[in-house]
Amino acid sequence: MSENRIRVVIADDQELVRAGFAMVIGSQPDMQVVGQAGDGAQAVALAETLRPDVVLMDVRMPGMDGIEATRRVSSLQASADGRPTRVIILTTFDLDEYVMAAINAGASGFLLKDTEPETLLSSIRTVFNGNAIIAPSATKRLIEKMMQDGYAKGDTLAGAPSEAQSVAADASSPSARPAYTDPELELLTDREREVLVEIAHGLSNQEIASKLFISLPTVKTHVAHILAKINARDRVQAVVFAYDNGIV
């Protein structure tokens, strides 16, 4: 029966936090905690050895941080059954700048550490099935942080501000919009752009359907077309694309 479970590794430098997540995950018949790590290096080692389905990764840990660990875990080859190890970043409101770098490193999404147990569990299942998750409240905060700091393509937001950051400091100004946009943006229809904006705002498919007065299957079709056209792995990369190209 264990072969059919979602195998999870928890990486956090606080033992109490790991124990709490482990208790919640362990209560589910379709999930199994196969390892726990107290820092990024341990998380990478466990991922290499155990090839879990999902790693819950804290951002700030001693030694190798969660960003570098995410980059290394995401670069691992898929397991024998063809499934890659996917990473969910765990963060708090005051660490949003590090989340952008982790997403660029290959994370499949992020959650706030105080998220409800039901949300945590459903998010693990969502990521396991190849989709991405973004905490809506954190998405809004993250985009605000990117606009404030002047995020530009290639920035990690963890280092010194680049020249592009000073240029984009006032995101409300027309001159702050990107001078260059990806050619893939022109492939999107007007409706697909509308849907992409709502994805970037952290709305679920059902919420997008309600807001745009279209059916849920139609939203799913638009999302699939958007991801294919912009060559995005998941919704998280779509958020990055949307901000990179100045449509949010």
Side-chain angles (χ1 to χ4, degrees), residues 4-38 43 46 52-61 65-67 69-70 73 85-103 106-146 198-211 216 219-220 223 233-240 248:
N4 300 322
R5 294 181 181 178
I6 302 173
R7 304 169 71 251
V8 182
V9 163
I10 303 169
D12 195 292
D13 62 338
Q14 297 185 43
E15 186 175 354
L16 189 59
V17 172
R18 296 198 306 269
F21 284 135
M23 182 174 64
V24 172
I25 295 169
S27 68
Q28 301 301 296
D30 62 334
M31 297 184 190
Q32 177 185 17
V33 176
V34 295
Q36 298 186 33
L46 286 176
D53 299 304
V54 178
V55 176
L56 297 181
M57 186 82 74
D58 186 21
V59 174
R60 278 188 170 176
M61 293 184 286
D65 63 21
I67 296 171
T70 295
V73 171
T85 296
R86 301 183 183 277
V87 179
I88 297 176
I89 293 297
L90 302 172
T91 185
T92 54
F93 276 140
D94 60 340
L95 291 178
D96 286 341
E97 65 270 26
Y98 295 97
V99 177
M100 195 66 231
I103 290 174
S108 291
F110 60 92
L111 290 173
L112 303 181
K113 281 192 174 182
D114 61 355
T115 191
E116 294 293 328
E118 294 78 9
T119 301
L120 171 67
L121 296 171
S122 65
S123 297
I124 291 173
R125 294 184 180 102
T126 296
V127 167
F128 172 73
N129 288 322
N131 299 308
I133 49 92
I134 308 175
S137 57
T139 301
K140 181 176 183 294
R141 179 88 176 216
L142 175 59
I143 291 175
E144 289 173 350
K145 180 66 176 176
M146 288 191 292
E198 302 309 331
I199 290 174
H201 289 158
L203 271 64
S204 67
N205 286 346
Q206 184 61 65
E207 290 169 333
I208 294 173
S210 299
K211 183 171 183 178
L216 181 58
V219 174
K220 291 181 178 179
V223 171
R233 180 185 65 242
D234 49 40
R235 294 169 82 101
V236 177
Q237 288 192 341
V239 172
V240 175
V248 289

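Listed by first and then second residue, the side-chain hydrogen bond (donor to acceptor under 3.5 Å, both in side chains) pairs that reach into residues 10-22 are D12-K113, R18-Q36, sequence neighbours excluded.
With rounding to the nearest 0.5 angstrom, the CD1 atom of I67 is 7.5 Å from the CD1 atom of I89. Distance check, rounded to the nearest 0.5 Å: CG of L216 to CD1 of I208 gives 9.5 Å. Here M57 contributes atom CE and L111 contributes atom CG; the two are 14.0 Å apart, rounded to the nearest 0.5 Å. Here the OG1-CG distance, from T119 to D114, works out to 10.0 Å after rounding to the nearest 0.5 Å. Here the straight-line distance linking atom CG of L120 with atom CG of L112 works out to 11.5 Å at 0.5 Å rounding. The structure places CG of D30 at 11.0 Å from CD1 of I25, a figure rounded to the nearest 0.5 Å.
Residues T85 and P52 share a closest heavy-atom pair of OG1-O, 2.7 Å. Between A200 and V239 the shortest heavy-atom distance is CA-CG2, 3.8 Å. Across F110 and I88, no two heavy atoms sit closer than the pair CA-CG2, 4.4 Å. Closest approach of R5 to Q32, counting heavy atoms only: CD-CB, 3.8 Å. Heavy-atom minimum distance, V73 versus A43: CG2-O, 4.5 Å. Looking at every heavy atom in both residues, A107 comes nearest to T70 through N-CG2, 3.7 Å.
For E118, the side-chain contact (heavy atoms from CB on, under 4.5 Å) partners are E116, not counting sequence neighbours. Under the side-chain contact (heavy atoms from CB on, under 4.5 Å) criterion, R86 pairs with P84, S108, V127, sequence neighbours left out.
The shortest distance between side-chain heavy atoms of R235 and N205 falls below 4.5 Å. Residues F21 and L90 are in side-chain contact: their nearest non-hydrogen atoms beyond the backbone lie under 4.5 Å apart.
For the side-chain contact (heavy atoms from CB on, under 4.5 Å) criterion with I124, the lone passing option out of V54, N129, D53 is V54.
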*Could you please spell out the steps behind the side-chain contact (heavy atoms from CB on, under 4.5 Å) verdict for E198 and V219?*
CA-CA 11 Å; E198 302 309 331; V219 174; over 6 Å; no
*Residues Q28, R125; criterion side-chain contact (heavy atoms from CB on, under 4.5 Å); working and verdict*: CA-CA 11 Å; Q28 301 301 296; R125 294 184 180 102; 2.9 Å; yes
